[in-house]
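Read the structure below first, then the notes.
Given the structure is predicted, the values throughout are model-derived calculations rather than measurements.
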Amino acid sequence: MTSDFDGKVSLLRRYERRVYAICVYVLADEAQALRASEEALIELFETPAFAAGTAKERARLSQIAAVRHARKQMIEERGLSHARAHG
């Protein structure tokens with residue numbers, strides 16, 4: 001169990017900067033990008049195809065997860081801003 005966990009963490013560390021950079025690019029906000037990238041990395045940790053895939057497949061999955069969570073963060077932030085303005 002520990003070696004499986006350690007192996008996944010080691011793989012994720014290779015993609016951590018890429019995921020964060022994509023989130024920063026999409027969101028243009030470092031704090032939001034940090035939250036989005038954390039969620040994307042959790043998703044990747046829980047995705048068997050990420051650990052089992054080739055480097056090319058992991059790069060694609062990391063990009064998809066980063067964009068998905070950045071967009072989710074953007075939507076959530078807009079909802080909070082709207083609620084604050086009209087709350």
Side-chain angles (χ1 to χ4, degrees):
M1 171 110 172
T2 302
S3 64
D4 185 43
F5 178 85
D6 292 339
K8 285 182 177 183
V9 169
S10 179
L11 275 177
L12 284 172
R13 287 180 195 237
R14 296 180 203 167
Y15 295 89
E16 188 173 22
R17 285 186 180 157
R18 172 187 172 83
V19 168
Y20 177 73
I22 292 168
C23 290
V24 168
Y25 178 79
V26 171
L27 293 164
D29 181 282
E30 290 182 6
Q32 289 181 22
L34 180 60
R35 289 189 293 274
S37 63
E38 286 173 348
E39 292 298 320
L41 291 167
I42 291 168
E43 176 186 319
L44 293 170
F45 181 87
E46 296 172 345
T47 302
F50 181 78
T54 65
K56 187 175 182 177
E57 292 166 337
R58 287 191 296 269
R60 184 180 66 80
L61 290 170
S62 66
Q63 181 176 352
I64 291 167
V67 171
R68 177 186 304 116
H69 287 280
R71 292 183 75 205
K72 181 180 174 188
Q73 182 67 38
M74 188 183 301
I75 290 165
E76 289 174 0
E77 187 61 29
R78 283 185 187 164
L80 288 175
S81 295
H82 180 77
R84 285 184 203 121
H86 302 288

Distance-minimising heavy-atom pair for A51 and K8: CB-CG, 4.4 Å
Shortest non-hydrogen contact from V26 toward A70: CG1-CB, 3.7 Å
ILVMFWY cluster, [X] and [Y] together (side-chain gap under 4.5 Å):
X   : Y   : answer
L61 : L12 : yes
I42 : V9  : no
V67 : M74 : yes
L41 : F50 : yes
L27 : I22 : yes

Non-neighbouring partners of R68 that pass salt bridge (Lys or Arg N to Asp or Glu O under 4.0 Å), sequence neighbours left out: E43
Can you tell me how far [atom2] of [Y] sits from [atom1] of [X], rounded to the nearest 0.5 angstrom?
X   : Y   : atom1 : atom2 : value
L11 : S62 : CG    : OG    : 11.0 Å
I64 : H69 : CD1   : NE2   : 11.5 Å
Q32 : C23 : CD    : SG    : 10.5 Å

All pairs passing salt bridge (Lys or Arg N to Asp or Glu O under 4.0 Å) where residues 46-59 contributes a residue, at least two apart: none
Pairs where residues 10-34 contributes a residue and the test salt bridge (Lys or Arg N to Asp or Glu O under 4.0 Å) is met, not counting sequence neighbours: none
OH (Y25) with more than 12 external heavy atoms under 6.0 Å: no
